Amino acid sequence: MKFWLSALKVFSGLLLLWAMPACEQVKPPETQQLHDGWQLINPLTQQQIPATVPGNVFTDLMQAGIIPDPFFGTNEDSVQWVGGQAWVYETSFELHPTLAEYDQLQLLFEGIDTHARVFLNDSLLLQADNMFRSWEVDVKQLLLQGSNLLRVEFLPADSIIWLKRQQTPFALPEERARVRKAPYQFGWDWGPTLPTMGIWKSVKLQGWSKAKIESHTLYQLAVDSTEARLVLDVEIQSRVDRAFQLELVHKGRKYIDQTIQLHAGDNRIQLPFKFSNPKLWWPNGMGDQPLYDFEIRLIDGNKPRDQKRLKTGFRQLELVNKPDSIGESFYFKINGKAFFAKGANYIPEDNFLNRTSRSKTRDLLADAAAVHMNMIRVWGGGVYPEDYFYELADSLGLLIWQDFMFACTMYPFDNDFLANVELEVTQQIKRLRKHPSLALWCGNNEVDEGFHNWGWQRSLGWTDADSAAIWQGYLALFEDLIPALVQQYDSMRPYWPSSPSTGWGRPESLLQGDVHYWGVWWGEEPFEVYEEKVGRFHSEYGFQAMPHLATIEAFAHAEDRTIGSEVMESHQKHPRGTRLIDDYMRRDFPVPVQFDDYVYVSQLVQAYGIGKAIEAHRRAMPVCMGTLYWQLNDCWPVTSWSSIDYYGRWKALHYQLKHSFAPLLFSTKTVGDSLEVYLMNDKPIAFEGRLEMDIISFDGDVLYAITEPLKSVKESSVIVKKLSLKALLQGVDPLESVLRVRFVQGLQVFTEKLHYFDAPVRLELPQADVNLRVSPKGNALELTLQSNVLVKNLMLSSNDADGFFEDNFFDMQPGSQRRISFKPSGKRPISQINFEMVSLNDVMHR
Ligand code: BMA
């Protein structure tokens with residue numbers, strides 16, 4: 001039987017060979033990159049300067065010394081003309097001889113930003129109008145032997161917006177919605193207005209003959225550790241009606257080896273197969289991230305006509321959104337296990353996207369994973385990140401909540417707009433669906449919330465008919481078109497129309513779906529409100545802090561480094577930002593006079609507030625099952641909600657996340673006269689040991705001590721101790737002492753929490769005199785710190801601002817010693833690195 005089968009295979013292979021023209025050579029596709037020799041032309045002056053592709057107008061003009069760095073001082077204002085005029089990019093190239101041999105030659109632009117006409121040797125090739133899609137055009141007939149001229153003429157987005165506005169009877173909340181261009185470039189409450197233009201992604205010629213693989217993925221129908229039931233989904237463009245062989249290979253073994261009949265045109269082929277004993281892929285903190293390499297081969301005769309690699313991990317992911325006794329749940333389950341999502345919102349890493357890189361993204365995402373995050377939300381006002389972003393997320397175990405790029409406004413809904421979005425969304429789904437990290441597709445950011453709560457109907461003077469039409473347009477886009485595309489091309493992935501599902505001012509927002517709780521900050525409520533307003537899944541909430549002092553120094557001269565200066569205000573994009581930071585600081589912290597102290601305390605305020613929110617959300621598990629604060633990173637140096645600034649420097653908040661997101665954590669809550677001690681345990685195991693509670697005066701006297709056995713419950717949040725505050729504080733001055741709660745086994749401290757009885761501003765912190773010794777340790781430096789009294793929020797800093805402290809902004813207990821390792825950046829000799837310290841004690845005693 002076996003013999004006959006293989007004989008049949010050989011025979012059909014021979015048949016295939018015979019069916020091909022005798023002289024035809026089977027060559028896999030090849031590409032020729034067109035990144036060289038570009039010139040940027042100003043059509044108003046005809047001035048030409050060398051240009052970088054991929055790139056954009058601003059960075060080219062900066063490189064040529066024509067404009068100053070828009071990130072410095074108030075330069076953003078003086079470069080506004082750049083985004084307001086037309087620009088031309090031009091290069092010439094010769095076709096590689098090997099490419100000329102292909103039947104098909106296509107010019108591929110992976111991304112054009114945004115409105116442009118592309119000419120090849122004076123023929124109009126295409127008119128681009130969407131930054132988020134790629135463009136592919138047949139050019140074989142247009143290419144010349146010798147030199148070819150490629151010219152891309154850009155129009156400013158504002159001129160297109162203006163034209164489109166003339167053709168519509170009503171205004172949109174943000175007119176930028178009329179173009180498919182990264183929303184944040186038009187200015188945001190953390191970002192400058194720098195609408196770039198340019199060829200922002202790769203441009204290349206690609207040659208192929210007969211057939212090529214257009215897209216590919218593996219659908220995971222059902223996965224467990226004994227078997228994965230999968231479907232290979234491949235799209236093939238063919239110029240011939242002919243049989244090919246399709247193979248799927250992993251480690252030399254063919255999982256699929258099948259004859260497929262292609263017809264000229266687009267072909268979609270779906271082939272089921274099974275994979276035994278897969279090692280499961282888990283989010284960070286829950287297990288490993290094994291990834292499997294597959295090769296998909298399109299065989300013509302017996303040679304590869306095309307081949308693609310696919311790296312994926314096996315996991316079964318589910319969004320559980322079901323009515324329950326409270327309202328409607330919202331949580332994720334992976335490989336059958338419900339888990340608490342911990343993470344942050346991600347915005348583009350730069351205004352000039354050509355300056356981002358795999359290594360910068362790796363650092364950022366590694367910093368997220370290092371503080372126990374397991375989920376990142378790619379927010380809908382930016383761009384769809386590069387492939388490497390998802391590859392890194394796959395390998396770090398960071399699940400991705402992926403918004404489509406729509407944010408904070410209503411959108412057009414004419415047929416052209418919908419057709420444009422359809423292409424964009426289809427391309428993005430096909431590009432990203434193979435990643436095990438991709439958890440959820442979400443239609444938009446705050447569009448539903450905005451329509452129902454932000455008063456646009458009145459402020460924009462919409463008639464009832466306008467309003468109804470705009471809402472119908474919303475439904476057509478987010479409840480109809482986009483989910484249908486997700487269903488068509490990525491049916492195993494959940495879709496959620498809008499984040500949040502309900503605006504934070506409405507009571508239902510805490511009972512169902514996801515919520516962006518902005519009562520704190522936007523609503524100016526005190527941080528304590530975070531403890532009451534706990535929803536089912538917090539996909540946003542946040543508080544601003546100033547960036548690292550060295551980051552401020554990179555954009556402000558010494559004389560501009562004062563609170564409220566013009567330069568500082570141009571790097572604070574929230575209209576009430578400076579005042580709000582000050583107001584919240586005043587409530588709970590001392591307000592320093594010195595600028596550098598103010599920067600430091602602003603970071604403590606943020607860490608204090610967000611720490612309260614995270615603990616409240618985690619305490620409420622399993623009613624609440626996720627907390628993604630706003631925002632992980634910045635796109636330029638600015639005062640913002642980020643926990644890591646533009647230069648990758650950690651604010652106090654990011655250090656604190658190590659504790660707030662730790663799998664095992666104590667949290668305290670005051671309810672009337674009682675103090676409730678919670679123990680949160682995200683791990684699938686129970687820990688056993690002792691609970692130790694001590695009240696220690698700031699000078700080190702132990703005023704109260706109890707110890708008792710303690711066993712944690714796996715994957716839960718439980719109250720492990722309830723105490724009367726009155727009894728606890730007998731003979732204790734609450735402003736001069738701290739309660740230390742520890743979970744101990746033998747000499748090992750599983751987790752520890754310091755609970756203060758009042759806000760920092762009211763504590764009577766003693767004068768601190770921290771002793772610091774520095775000694776080399778391998779490539780790092782080790783700092784040994786010692787204090788006799790309690791030190792609150794000790795900040796270490798160095799003249800090597802890009803060096804990294806293993807821990808920072810921490811409290812030191814009286815009589816304690818800490819060793820902190822410092823990893824130098826390599827930017828200055830180790831012998832010249834020095835350190836400084838400041839604590840809240842110091843600020844209070846100035
Ligand atoms: C959220 C985001 C952003 C904004 C942030 C802070 O709602 O979606 O629009 O930057 O608030 O205001």
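Order of appearance sets the numbers: ligands from 1, and atoms from 1 within every ligand. What you are looking at is a predicted structure, and each value in this text was computed from that prediction instead of being measured.
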Does ligand 1 have any N/O pairs with the protein under 3.5 Å, and how far apart?
{"from": "ligand 1", "atom 1": "7 (O)", "to": "Glu446", "atom 2": "OE1", "distance (Å)": "2.9"}
{"from": "ligand 1", "atom 1": "7 (O)", "to": "Glu446", "atom 2": "OE2", "distance (Å)": "2.3"}
{"from": "ligand 1", "atom 1": "7 (O)", "to": "Trp518", "atom 2": "NE1", "distance (Å)": "3.4"}
{"from": "ligand 1", "atom 1": "7 (O)", "to": "Glu540", "atom 2": "OE1", "distance (Å)": "2.6"}
{"from": "ligand 1", "atom 1": "8 (O)", "to": "Trp379", "atom 2": "NE1", "distance (Å)": "3.0"}
{"from": "ligand 1", "atom 1": "8 (O)", "to": "Asn445", "atom 2": "OD1", "distance (Å)": "3.3"}
{"from": "ligand 1", "atom 1": "8 (O)", "to": "Asn445", "atom 2": "ND2", "distance (Å)": "3.0"}
{"from": "ligand 1", "atom 1": "8 (O)", "to": "Glu540", "atom 2": "OE1", "distance (Å)": "3.3"}
{"from": "ligand 1", "atom 1": "8 (O)", "to": "Glu540", "atom 2": "OE2", "distance (Å)": "2.9"}
{"from": "ligand 1", "atom 1": "9 (O)", "to": "Trp188", "atom 2": "NE1", "distance (Å)": "3.0"}
{"from": "ligand 1", "atom 1": "10 (O)", "to": "Trp188", "atom 2": "NE1", "distance (Å)": "3.3"}
{"from": "ligand 1", "atom 1": "10 (O)", "to": "Asp189", "atom 2": "OD1", "distance (Å)": "2.5"}
{"from": "ligand 1", "atom 1": "10 (O)", "to": "Trp190", "atom 2": "NE1", "distance (Å)": "2.7"}
{"from": "ligand 1", "atom 1": "12 (O)", "to": "Asp189", "atom 2": "OD2", "distance (Å)": "2.5"}
{"from": "ligand 1", "atom 1": "12 (O)", "to": "Trp522", "atom 2": "NE1", "distance (Å)": "3.0"}

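Looking at residues two or more places apart in sequence or on another chain, you find a side-chain hydrogen bond (donor to acceptor under 3.5 Å, both in side chains) between Arg579 and Glu524, Asp583. Remark: Asp597 pairs with Arg846 by the side-chain hydrogen bond (donor to acceptor under 3.5 Å, both in side chains) rule, at least two apart or across chains.
Under the side-chain hydrogen bond (donor to acceptor under 3.5 Å, both in side chains) rule, Ser640 has a single partner from Asp634, Asp189, Asn633, which is Asp634. Each of Arg618, Arg619, Lys612 was scored for a side-chain hydrogen bond (donor to acceptor under 3.5 Å, both in side chains) with Ser667, with one residue passing: Arg619.
Taking a cutoff of 4.0 Å between a charged side-chain nitrogen and a carboxylate oxygen, Asp514 and Arg536 do not qualify as a salt bridge.
Within the structure, the side chain to side chain donor-acceptor pair (under 3.5 Å) test picks out the following pairs touching residues 561-571 (sequence neighbours left out): Glu569-Thr578.
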